[in-house]
A.B. asks: 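Below: one structure in C-alpha cells.
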There are 2 protein chains.
Amino acid sequence: MNIIISNNSSVPIFEQIENAIKQAIFSNELKEEEMLPSVRNLANDLKISFLTVKRAYDELEKAGFIKSVQGKGTFVAPKNIELIKEEKLKEIQDYIEKIYDISKISNISEKEIKELFKMIFEEDF
Amino acid sequence: MNIIISNNSSVPIFEQIENAIKQAIFSNELKEEEMLPSVRNLANDLKISFLTVKRAYDELEKAGFIKSVQGKGTFVAPKNIELIKEEKLKEIQDYIEKIYDISKISNISEKEIKELFKMIFEEDF
DNA sequence: ATACTGTTATAATATAAATATAACAGTAAG
DNA sequence: CTTACTGTTATATTTATATTATAACAGTAT
C-alpha cells in the first residue's frame with residue numbers, strides 16, 4: 001500500500017492516513033479481511049509516531065472500515081456496501097456544503113448553480 | 001454591517017470575519033470605497049482582540065478585497081466583483097464535476113443528490 | 001493638541017496535533 | 001516457556017496555530 005503524507009498540509013497526518021486507507025479499501029487495493037501494516041511498521045515507514053497511526057486506525061475502526069485484534073493485527077472489515085455508499089454520500093455532502101459556502105459568500109444564486117448541474121449532468125436537475 | 005462570530009466553531013475567528021466581510025462586499029452591503037469599521041471598533045463590538053480583526057483585514061487586503069491606509073482607515077477596494085464571481089462559479093463547477101464522478105462510480109442517483117441539496121440549501125432545489 | 005485611524009513588537013495563554021518513552025497484554029511459532 | 005511479533009494504555013513533552021493583553025509607534029484630520 002502506498003501512503004504519502006505531507007507535513008505542512010493543513011490536514012492532520014492521522015486524517016491523511018485515514019483517507020489513504022479508505023481509498024485503498026474503496027479501490028479494492030486492500031481486500032476484505034486483509035491485514036493492514038502494523039501500527040509500528042507503518043509509523044516507521046512514514047517516519048512518524050506509532051501513536052499517530054494508532055489514532056488513524058482507531059477512527060477507521062470506529063467508522064467500521066477496519067477491525068483491530070490485540071496480538072494479531074488490524075484487518076479490513078468485511079465489506080459493507082451500505083457503509084461504503086454512506087461514505088460516498090458523505091463526500092458528496094461535503095462538496096455540496098462547500099458549494100453552499102461559496103454561494104453564500106459570493107452571492108451566487110441557486111438558479112445559477114442549478115444551471116451548472118444541468119450542464120454537467122446533462123439532464124433536468 | 002452585521003457580523004456574528006462563534007467561539008467554539010472550528011473555523012478560526014479571523015476567518016469568520018473574512019467570510020462575513022467578503023459576503024458583505026459581494027452583496028453590495030459594503031460598496032466600493034466604503035470605509036470598514038476600524039480594527040478597534042470592530043474588536044470592541046465582537047468582544048475580541050483588535051489583533052484578530054487586524055489579521056482578518058490583512059488577509060482580505062492580500063486577496064485584494066480591501067485596502068488599509070494608515071491614519072485614515074480601511075476601505076473596500078475598487079474591484080471587479082463580477083470577475084471574482086466568475087472565479088467562484090468555476091470553483092463550484094469543479095465541485096459539481098467531482099460530485100458527478102463520484103455518483104457515476106458509486107451508483108448514486110440524481111434523486112439522492114437532489115435530496116442532499118435540499119437538505120443543505122433548505123429549500124426546494 | 002486631540003482623537004481618531006492603522007502598525008508593530010513582545011509576551012502570554014489555550015488548544016490540538018504529534019511526539020517520545022515506557023510498560024502492559026494478547027497471539028503464534030519455535 | 002521463550003521469543004517476536006501484534007495492539008493498548010498512560011504520562012509527559014513538544015510543536016504549531018489561534019488568540020489575547022499590553023504598550024508603543026505612526027499617519028490623518030479637525
Side-chain angles (χ1 to χ4, degrees), chain A residues 1 3-22 25 30 32-78, chain B residues 1 3-22 25 30 32-78:
Chain A
M1 192 181 32
I3 295 181
I4 296 171
I5 58 172
S6 165
N7 280 323
N8 49 353
S9 165
S10 68
V11 182
I13 294 174
F14 76 89
E15 213 173 309
Q16 294 180 46
I17 295 172
E18 270 189 75
N19 292 335
I21 291 176
K22 272 187 204 170
I25 292 175
L30 281 173
E32 284 185 39
E33 312 287 3
E34 187 174 340
M35 188 175 172
L36 275 71
S38 78
V39 285
R40 286 183 182 80
N41 275 349
L42 184 52
N44 283 338
D45 288 352
L46 300 179
K47 298 180 196 328
I48 58 176
S49 164
F50 80 88
L51 290 167
T52 306
V53 177
K54 178 76 163 64
R55 174 155 183 195
Y57 281 13
D58 281 348
E59 309 230 4
L60 285 167
E61 181 164 15
K62 217 186 317 176
F65 289 100
I66 64 178
K67 180 72 192 157
S68 288
V69 183
Q70 195 172 7
K72 298 179 93 169
T74 304
F75 306 87
V76 177
Chain B
M1 193 176 34
I3 295 181
I4 296 171
I5 59 171
S6 164
N7 280 323
N8 50 352
S9 165
S10 67
V11 181
I13 295 173
F14 76 88
E15 213 173 309
Q16 295 181 45
I17 296 172
E18 270 188 76
N19 291 337
I21 291 177
K22 273 188 204 170
I25 292 175
L30 280 173
E32 281 188 33
E33 313 287 3
E34 187 173 340
M35 188 174 171
L36 276 70
S38 78
V39 285
R40 286 184 182 81
N41 274 350
L42 184 52
N44 284 338
D45 287 354
L46 300 179
K47 298 182 196 326
I48 59 176
S49 163
F50 78 88
L51 289 168
T52 306
V53 177
K54 177 74 164 62
R55 174 153 183 199
Y57 281 14
D58 281 349
E59 308 230 4
L60 285 167
E61 181 164 14
K62 219 187 313 177
F65 286 99
I66 63 177
K67 181 70 192 159
S68 286
V69 183
Q70 196 172 5
K72 297 179 93 169
T74 303
F75 306 87
V76 178

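Order of the sequence lines sets the chain letters (A, B, ...), proteins ahead of strands, with each chain counted from 1. For clarity, every value in this text was computed on a predicted model and none was experimentally measured.
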A.B. asks: Rounding to an integer number of Å, can you tell me how far Glu34(A) CD sits from dT6(D) C1'?
C.D. replies: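 These atoms are roughly 17 Å apart.
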
A.B. asks: I want to check one thing: is the phosphate of dT19(C), taken as OP1 and OP2, less than 4.0 Å away from some side-chain N or O of Thr52(A)?
C.D. replies: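 Yes, such a contact exists.
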
A.B. asks: Reading DNA chain D from 5' onward, which residue's closest nucleotide shows up sooner: Tyr57(A) or Pro12(B)?
C.D. replies: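 Closest to the 5' end, via its nearest nucleotide, is Tyr57(A).
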
A.B. asks: Can you tell me if Asn41(A) touches the phosphate of dT6(D), counting only side-chain N or O atoms and a distance under 4.0 Å to OP1 or OP2?
C.D. replies: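 Answer yes for this pair, as a side-chain N or O of Asn41(A) is under 4.0 Å from OP1 or OP2.
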
A.B. asks: Side chains of Ile66(B) and Tyr57(B), heavy atoms from C-beta outward: is any pair under 4.5 Å?
C.D. replies: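 The answer is yes, as the side chains (C-beta and beyond) meet within the 4.5 Å cut-off.
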
A.B. asks: Tell me: CG of Asp58(A) to P of dA10(D), nearest whole Å?
C.D. replies: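 Between P of dA10(D) and CG of Asp58(A): 12 Å.
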
A.B. asks: Where the side chain of Gln16(B) meets the backbone of Val11(B), is there a donor-acceptor pair that is under 3.5 Å apart?
C.D. replies: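 Confirmed, Gln16(B) side chain pairs with Val11(B) backbone.
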
A.B. asks: Looking only at the side chain of Met35(A) (C-beta and beyond, no hydrogens), which of the listed nucleotides dT20(D), dT8(D), dT6(D) gets closest?
C.D. replies: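 Within the option list, the nearest is dT6(D).
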
A.B. asks: Please give me every residue in residues 59-67 of chain B whose heavy atoms get under 4.0 Å of an atom in DNA chain D, ordered by residue number.
C.D. replies: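 When residues 59-67 of chain B is checked for heavy atoms under 4.0 Å from DNA chain D, there are no hits whatsoever.
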
A.B. asks: Is any side-chain heavy atom of Ile17(A) less than 4.5 Å from a side-chain heavy atom of Ile48(A)?
C.D. replies: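 Side-chain contact under 4.5 Å: yes.
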
A.B. asks: In whole angstrom, what separates Ile48(A)'s CD1 from dT15(D)'s P?
C.D. replies: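 Those two atoms, CD1 and P, are 17 Å apart.
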
A.B. asks: Only counting residues at least two apart or in another chain, list the ones meeting side chain to side chain contact (heavy atoms under 4.5 Å, CB included) with Ser10(B).
C.D. replies: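 Result, side chain to side chain contact (heavy atoms under 4.5 Å, CB included) vs Ser10(B): none returned.
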
A.B. asks: Would you check if Asn44(B) and Phe50(B) make a side-chain contact, meaning some heavy-atom pair closer than 4.5 Å?
C.D. replies: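 The answer is no; the side chains never approach within 4.5 Å.
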
A.B. asks: Could you go over nucleotides 28-30 of chain D and give all protein N or O partners under 3.5 Å, atom names and distances?
C.D. replies:
{"from": "dT28(D)", "atom 1": "O4'", "to": "Gly71(B)", "atom 2": "O", "distance (Å)": "3.4"}

A.B. asks: Kindly say if Ser68(B) contacts the phosphate of dT5(C), meaning a side-chain N or O under 4.0 Å from OP1 or OP2.
C.D. replies: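 False: Ser68(B) side-chain N/O out of range (4.0 Å or more) of dT5(C) OP1/OP2.
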
A.B. asks: So, using salt bridge (Lys or Arg N to Asp or Glu O under 4.0 Å) as the criterion, who are the partners of Glu61(A) when residues are at least two apart?
C.D. replies: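 With sequence neighbours excluded, Glu61(A) shows a salt bridge (Lys or Arg N to Asp or Glu O under 4.0 Å) to Lys67(A), given in chain and number order.
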
A.B. asks: How close or far is atom P of dA17(C) from atom CD of Glu18(A), stated in whole angstroms?
C.D. replies: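 About 11 Å, once rounded to whole Å.
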
A.B. asks: Thr52(B): what forms a side chain to side chain donor-acceptor pair (under 3.5 Å) with it, not counting sequence neighbours?
C.D. replies: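 Expected list: none.
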
A.B. asks: Expressed as a whole number of angstroms, how long is the span from Glu15(B):CD to dT17(D):P?
C.D. replies: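 From Glu15(B) CD to dT17(D) P: 14 Å.
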
A.B. asks: Would you indicate, yes or no, if dT8(D) has its OP1 or OP2 atom less than 4.0 angstrom from a side-chain nitrogen or oxygen of Lys54(A)?
C.D. replies: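 Answer yes for this pair, as a side-chain N or O of Lys54(A) is under 4.0 Å from OP1 or OP2.
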
A.B. asks: Could you name each residue pair satisfying salt bridge (charged side-chain N to carboxylate O under 4.0 Å, His left out) that touches residues 3-19 of chain B, not counting sequence neighbours?
C.D. replies: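 Qualifying pairs, neighbours excluded: none.
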
A.B. asks: Just jot down the salt bridge (Lys or Arg N to Asp or Glu O under 4.0 Å) partners of Glu34(B), sequence neighbours excluded, or say none.
C.D. replies: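 Not a single residue meets the salt bridge (Lys or Arg N to Asp or Glu O under 4.0 Å) criterion with Glu34(B).
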
A.B. asks: Tell me which pairs pass salt bridge (charged side-chain N to carboxylate O under 4.0 Å, His left out) where either residue lies in residues 45-55 of chain A, with sequence neighbours left out.
C.D. replies: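 Matches after skipping sequence neighbours: Lys54(A)-Asp58(A), Arg55(A)-Glu59(A).
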
A.B. asks: Taking only side-chain nitrogens and oxygens of Thr74(B), does any of them come within less than 4.0 Å of OP1 or OP2 of dG6(C)?
C.D. replies: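 It does, given that an N or O in the side chain of Thr74(B) lies less than 4.0 Å from OP1 or OP2 of dG6(C).
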
A.B. asks: Nearest-Å distance, CD1 (Ile13(B)) to P (dA14(C))?
C.D. replies: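 Atom-to-atom, Ile13(B) to dA14(C), this comes out as 15 Å.
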
A.B. asks: Could you state the CZ-C1' distance from Arg55(A) to dG7(D), rounded to the nearest angstrom?
C.D. replies: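 Answer to the nearest Å: 18 Å.
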
A.B. asks: Could you check whether any side-chain heavy atom of Ser6(A) comes within less than 4.5 Å of a side-chain heavy atom of Ile4(A), counting everything from C-beta outward?
C.D. replies: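 Answer no - side chains too far apart.
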
A.B. asks: Looking at residues at least two apart in the chain, or sitting in another chain, which of them share a salt bridge (Lys or Arg N to Asp or Glu O under 4.0 Å) with Lys22(A)?
C.D. replies: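 Lys22(A) satisfies salt bridge (Lys or Arg N to Asp or Glu O under 4.0 Å) with Glu87(A) once adjacent residues are dropped.
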
A.B. asks: Rounding to an integer number of Å, can you tell me how far Leu42(A) CG sits from dC5(D) C1'?
C.D. replies: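 Distance, rounded to whole Å: 16 Å.
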
A.B. asks: With 3.5 Å as the limit, what N/O pairs link the protein to nucleotides 22-24 of chain D?
C.D. replies:
{"from": "dA24(D)", "atom 1": "N6", "to": "Arg40(B)", "atom 2": "NH2", "distance (Å)": "3.3"}

